[in-house]
Amino acid sequence: MARPALARRSVLAAVSVVTALTAACISAPMASASDTLPWEGKSAKGANQPYQHGYSATTLLDWDPRTDTDAGRLRARIPLQKRAGADPATQRNPDLPAETQNLTLAGDYGNAFFESHPYTNEFSQYLFNYWQYTDAYASWHGMPTEGVPEDSYDPSAEWTQRWFEFGSVNLPNPGYTNAAHRNGARSLGTVFFSDNDRGPQSYGELLVRDKKGDFPAARKLAEVAHYFGFDGYFFNQEQSQVAPEDVDDYMDFLAALRAEGLYVQWYDSVDAGTGKKLYENEFTSRNAPFIQNSERGPLADSIFLNYWWNHKKLTDSAAYATSLGVNPRRQVFAGVEAGTYQFDQPYDLDDDLGDDGKPMNAIATLGADFVHSDYEHKTEDDHQSTVFDRERRWWTGTSTGTGSAADGQWKDMSSYIAERTAITGSTFATTFNTGHGLGYWSDGARASDREWGNIGIQDTPVTWQWWLQGAGADGLQVDYDYGPDYVTADRFHYDRIGAYEGGSSLAVSGKLSGDAVLRLYKTDLKVVDGSKVKLTYAQPSGGDADLSLALVLKSDPKKTVRVPIKAAKSVRGGWRTATVDLSDYAGETVSTLGLGLTPGADPIDHFQLNLGALALSDGADHTPAAPTGFHIDQALTSTDELNLGWHLDDYKDVVRYDVYADGTYLGGVYDDTFYAKDFTGTHGRLQLVAVGKDGSKSRPATIGYDFAHGPGDVTAKASKDGTVTVSWDEPVSSGASVTLAAEDEDRAGHRRRVVLHPGRGETSATFRNMPVDGGAFVATVNPAGGTAVATTGTFADTEIEAYPKSAAELSGTSLTLTQPTLADWHTLTVYENGKPIPFDTTYSQGERDRVIHGRTTLHALSVTLASARSKVTAVLEDYAGNQAETVLREATD
């Protein structure tokens with residue numbers, strides 16, 4: 001599907017294109033590809049900032065969250081929310097069947113290899129904003145496996161020069177999983193095998209059964225998904241051949257994953273009869289057995305069809321699926337290669353329309369994040385409005401969200417996929433926060449001047465971007481307002497005032513010449529006695545219009561009910577809050593929540609209205625209790641980083657936690673842990689506020705910190721003799737302690753932990769007989785007064801396990817190697833009579849005189865020797881330069 005670099009190209013790997021083109025006689029140009037380069041300057045990665053990594057089959061089978069670096073800081077914790085049932089009458093296009101599903105397979109924050117963070121201080125990273133048209137989001141990116149040194153990556157080198165291992169298993173970004181779940185969409189990881197992109201990693205490593213006949217790898221994939229909080233996997237099996245005898249096992253493997261409660265989507269790339277790589281481009285008897293099997297029953301949940309379909313193929317696909325009892329609108333996904341062709345698509349989704357004009361099959365896209373990733377100004381804050389317009393065009397048909405569709409073949413996704421909603425129950429709150437900003441506002445006051453990006457705290461996006469109706473609609477435009485530093489598209493001329501809460505508000509501007517209705521959210525909200533709507537808004541340019549709630553009730557979907565908004569109360573910074581009582585509508589269900597605008601006697605030429613917050617509550621008090629267990633987990637002052645922790649409350653009670661330092665916003669998350677970088681405070685107070693589902697805020701939990709009277713910055717140096725010296729700036733008084741703890745736990749849940757008590761006035765402590773295995777540790781200095789300060793480090797690495805003789809099959813002149821299982825191995829050099837044997841590498845980079853972790857091809861691991869009597873030795877080297885030799889065979893006369 002792609003190479004390990006961020007390659008916006010066909011679902012086919014480079015090596016598979018030639019094979020497929022020969023078979024299909026079709027030409028498919030590849031997209032220009034580029035890595036997402038590391039952020040620089042103030043947005044550069046923090047020294048200890050948690051990031052995700054990939055997994056090979058070897059590391060997967062050994063996976064344990066206690067030994068997986070940063071695993072506890074990279075979990076998605078928001079449960080998958082239930083969506084409302086279909087309500088065609090309130091869709092923008094009532095004729096669209098609501099059951100037609102969509103899968104978006106795309107990069108999340110951008111795939112910068114060592115920078116897959118849940119959140120960071122960058123406004124211009126990509127944040128997806130169209131969950132309302134998405135049923136599943138699968139993350140498509142390359143992730144180096146754990147242990148690959150960060151300096152292995154040279155961003156200036158061409159993409160084929162990534163000489164390290166990428167995982168065949170890659171997880172979705174937890175921030176994206178949280179956002180998907182908030183909107184009722186599944187989040188999927190990916191499992192990817194090809195002859196090229198993942199080196200010698202092979203599907204066969206997953207299909208090994210234990211003594212009971214079960215698949216340990218299936219159990220591990222389920223454990224990983226459940227721990228990290230996502231819902232399943234997209235399988236992209238593109239090796240040239242699945243051995244015929246393995247096909248049944250592969251099918252059983254998929255069934256085992258589903259039995260673990262996971263959602264599984266299979267790619268149209270394998271002939272179920274022969275196991276050969278095959279792009280069928282429709283749903284037929286050759287790929288259907290991986291979905292619905294006559295002998296095994298249901299296997300995978302759905303299939304992503306390869307792209308070269310036409311109207312007949314999709315018509316036949318739907319018919320064949322129906323004959324098998326497979327719902328084509330939910331399980332057979334017609335693939336669109338978004339990243340390669342962008343708006344100039346050779347794939348016309350009108351080919352998926354039946355005689356009734358409705359989609360016959362589900363729809364999947366690869367690389368719809370091209371709206372950001374292939375745009376030359378993608379990392380520039382002052383060009384993000386162009387990214388927003390490009391994304392809006394892909395999903396709604398026009399950059400502005402109004403008027404006729406853009407020129408060109410591409411129509412838009414909303415022409416085929418009906419909008420969905422997870423806004424249910426009797427409460428709902430939004431601050432129109434898109435998940436990033438050029439500053440942060442809290443209750444109308446600016447709480448931070450720093451830019452930030454965090455899709456995990458993104459509010460439910462406005463359902464229709466945009467849907468204005470009425471005589472006064474033509475002169476109005478809608479935009480997200482990110483404040484004075486935001487550079488809008490040229491068509492806008494409103495005063496940029498920023499947010500009331502979060503990073504953005506919703507700005508409606510232009511000429512209001514008559515009555516207009518702005519439809520905002522598709523909902524399924526129950527109205528009860530005591531239900532109220534609270535609206536916080538600002539009108540910076542004067543010319544106040546009459547405002548009203550514009551509700552569509554389920555009982556009469558053809559009618560828009562206007563409820564006047566009166567008695568707005570001034571809050572701060574020009575913001576006003578009005579409360580509207582909905583008790584008269586008790587027993588009704590709100591299907592559409594919007595806003596009515598009326599100019600009065602005369603048009604308003606320079607109208608502007610900013611919506612800062614909107615909440616519908618049921619009259620009950622949903623204010624959360626103050627958080628408990630708030631504490632500093634690690635104060636890493638030498639690198640200006642802070643790790644915080646607390647007790648996590650249920651999502652039904654708390655939807656987000658906000659962290660402040662002396663009133664300055666540090667960030668938000670739904671989790672029990674938070675990482676802050678560039679934290680330079682010396683003393684003060686940290687506050688943690690819980691936010692309820694109605695937008696209410698708890699009393700803050702508060703803790704003090706005092707680094708001014710502590711040990712100052714702490715450093716640690718590990719030596720090969722097994723000593724670790726921890727040093728700090730300021731002498732400690734009596735009663736101080738220094739703790740050295742390994743970051744990982746053993747299988748029993750214990751950490752290696754040693755405590756020393758330095759004497760009064762000391763500025764260092766030396767730990768002896770420490771490990772020399774290269775493992776990570778945390779050193780913490782706890783002074784008698786002030787706040788404990790920590791630093792991270794790694795033990796010296798002088799150890800390496802030799803390559804096991806049993807890992808090689810050697811008979812006569814035939815030698816077959818299996819990959820070393822040592823986590824930090826780098827190269828394996830095999831000598832025949834002292835001469836190194838060459839091994840072919842991926843991406844047609846030629847032979848090298850050693851096996852290189854992640855870059856030697858699977859085929860190259862089978863070698864024909866020059867002699868059946870030669871001496872054969874193997875030298876294994878790790879990333880630290882340690883070597884160990886194994887004699888595979890002694891020379892014979």
Side-chain angles (χ1 to χ4, degrees), residues 6 8 31-45 106-112 115 117 119-130 155 175 338-344 367-402 406-408 410 412 432-440 448-455 458 461-462 465-466 477-499 502-507 509:
L6 183 62
R8 303 304 179 201
S32 58
S34 64
D35 295 345
T36 296
L37 300 180
W39 297 110
E40 297 178 346
K42 293 182 178 179
S43 297
K45 177 181 180 293
D108 32 51
Y109 277 136
N111 180 39
E115 296 189 334
H117 315 301
Y119 44 83
T120 193
N121 58 322
E122 181 53 55
F123 173 67
S124 64
Q125 62 183 354
Y126 177 65
L127 285 92
F128 183 61
N129 272 286
Y130 292 87
T340 294
Y341 301 102
Q342 304 188 10
F343 295 111
D344 188 20
D369 56 320
F370 76 86
V371 297
H372 179 273
S373 63
D374 281 348
Y375 179 63
E376 62 178 327
H377 298 294
K378 62 185 178 183
T379 62
E380 299 172 27
D381 290 347
D382 56 358
H383 285 268
Q384 293 310 297
S385 63
T386 301
V387 175
F388 306 154
D389 281 353
R390 285 158 59 87
E391 186 178 40
R392 188 173 298 110
R393 179 184 169 192
W394 178 263
W395 289 96
T396 70
T398 67
S399 297
T400 63
T402 59
D407 293 336
W410 181 248
D412 61 89
F432 304 96
N433 173 28
T434 62
H436 59 167
L438 294 166
Y440 193 92
S448 174
D449 292 328
R450 296 180 63 185
E451 62 179 285
W452 58 279
N454 184 357
I455 199 171
Q458 178 192 68
V462 173
Q465 298 183 34
W466 312 103
Q477 299 184 96
V478 186
D479 192 24
Y480 286 111
D481 177 355
Y482 295 98
D485 298 326
Y486 176 54
V487 178
T488 68
D490 290 342
R491 63 183 180 275
F492 293 110
H493 303 284
Y494 61 84
D495 294 334
R496 291 156 295 159
I497 64 173
S504 52
S505 61
L506 195 68
S509 63

Derivation of the salt bridge (Lys or Arg N to Asp or Glu O under 4.0 Å) call for Asp389 and Arg491: CA-CA 11 Å; Asp389 281 353; Arg491 63 183 180 275; 2.9 Å; yes
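- With rounding to the nearest 0.5 Å, the separation of NZ in Lys378 from OG1 in Thr386 is 15.0 Å.
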Step-by-step ring pair (Phe, Tyr, Trp, His ring centres under 6.0 Å) determination, Tyr480 to Trp466: CA-CA 11 Å; Tyr480 286 111; Trp466 312 103; 5.5 Å; yes
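- With hydrogens and angles ignored, the 3.5 Å screen pairs no side-chain donor or acceptor of Arg393 with any backbone N or O of Ser399.
- Counting heavy atoms from C-beta on, the side chains of Asp481 and Phe432 never come closer than 4.5 Å.
- Using cut-offs of 30° and 60° on the angle between ring planes, the pair Tyr126 and His372 is tilted.
- Tyr130 and Gln465 are linked by a side-chain donor-acceptor pair at a separation below 3.5 angstrom, with hydrogens and angles left out of the test.
- Salt bridge annotation for Arg496-Asp479: absent, with no cationic side-chain nitrogen under 4.0 angstrom from a carboxylate oxygen.
- Note that CD of Glu451 and OG1 of Thr120 are 9.0 Å apart. Values are rounded to the nearest 0.5 Å.
- Atom CH2 of Trp394 and atom CG of Asp412 lie 10.0 Å apart (nearest 0.5 Å).
- Contact check for Trp39 versus Thr379: side-chain heavy atoms found under the 4.5 Å cut-off.
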Trace of the side-chain contact (heavy atoms from CB on, under 4.5 Å) decision for Gln342 with Trp410: CA-CA 9 Å; Gln342 304 188 10; Trp410 181 248; over 6 Å; no
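- Using a 4.5 Å cut-off on side-chain heavy atoms (C-beta onward), Tyr341 and Phe370 make no contact.
- Of the inter-residue distances, the one linking Asn454 atom CG with Tyr109 atom OH reads 5.0 Å to the nearest 0.5 angstrom.
- Within the 4.5 Å cutoff, no side-chain heavy atoms of Arg392 are placed close to those of Thr398.
- At least one donor-acceptor pair under 3.5 Å links the side chain of Gln458 to the backbone N or O of Phe128.
- Side-chain contact annotation: Ser124 with Glu122, donor-acceptor N/O pair under 3.5 Å present.
- Shortest non-hydrogen contact noted between Trp452 and Gly439 is NE1-O, 2.8 Å.
- Nearest heavy-atom pair across Ser505 and Gly498 is OG-O, 2.6 Å.
- Nearest heavy-atom pair, Tyr494 versus Tyr486, reported as atom, atom and distance to 0.1 Å: OH-CE2, 3.9 Å.
- Nearest heavy atom pair, residue Leu127 against residue Gly435, reads CD2-O, 3.1 Å.
- Closest of all the heavy-atom pairs between Gln384 and Glu380 is NE2-O, 2.9 Å.
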Derivation and outcome, side-chain contact (heavy atoms from CB on, under 4.5 Å), residues Ser504 and Thr434: CA-CA 7 Å; Ser504 52; Thr434 62; 3.9 Å; yes
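- Nearest heavy atom pair, residue Leu37 against residue Pro155, reads CD2-O, 3.7 Å.
- Atom-to-atom distance recorded for Lys42:NZ and Asn121:CG is 9.5 Å, nearest 0.5 angstrom.
- Distance check: Leu438 CG to Phe123 CZ gives 4.5 Å after rounding to the nearest 0.5 Å.
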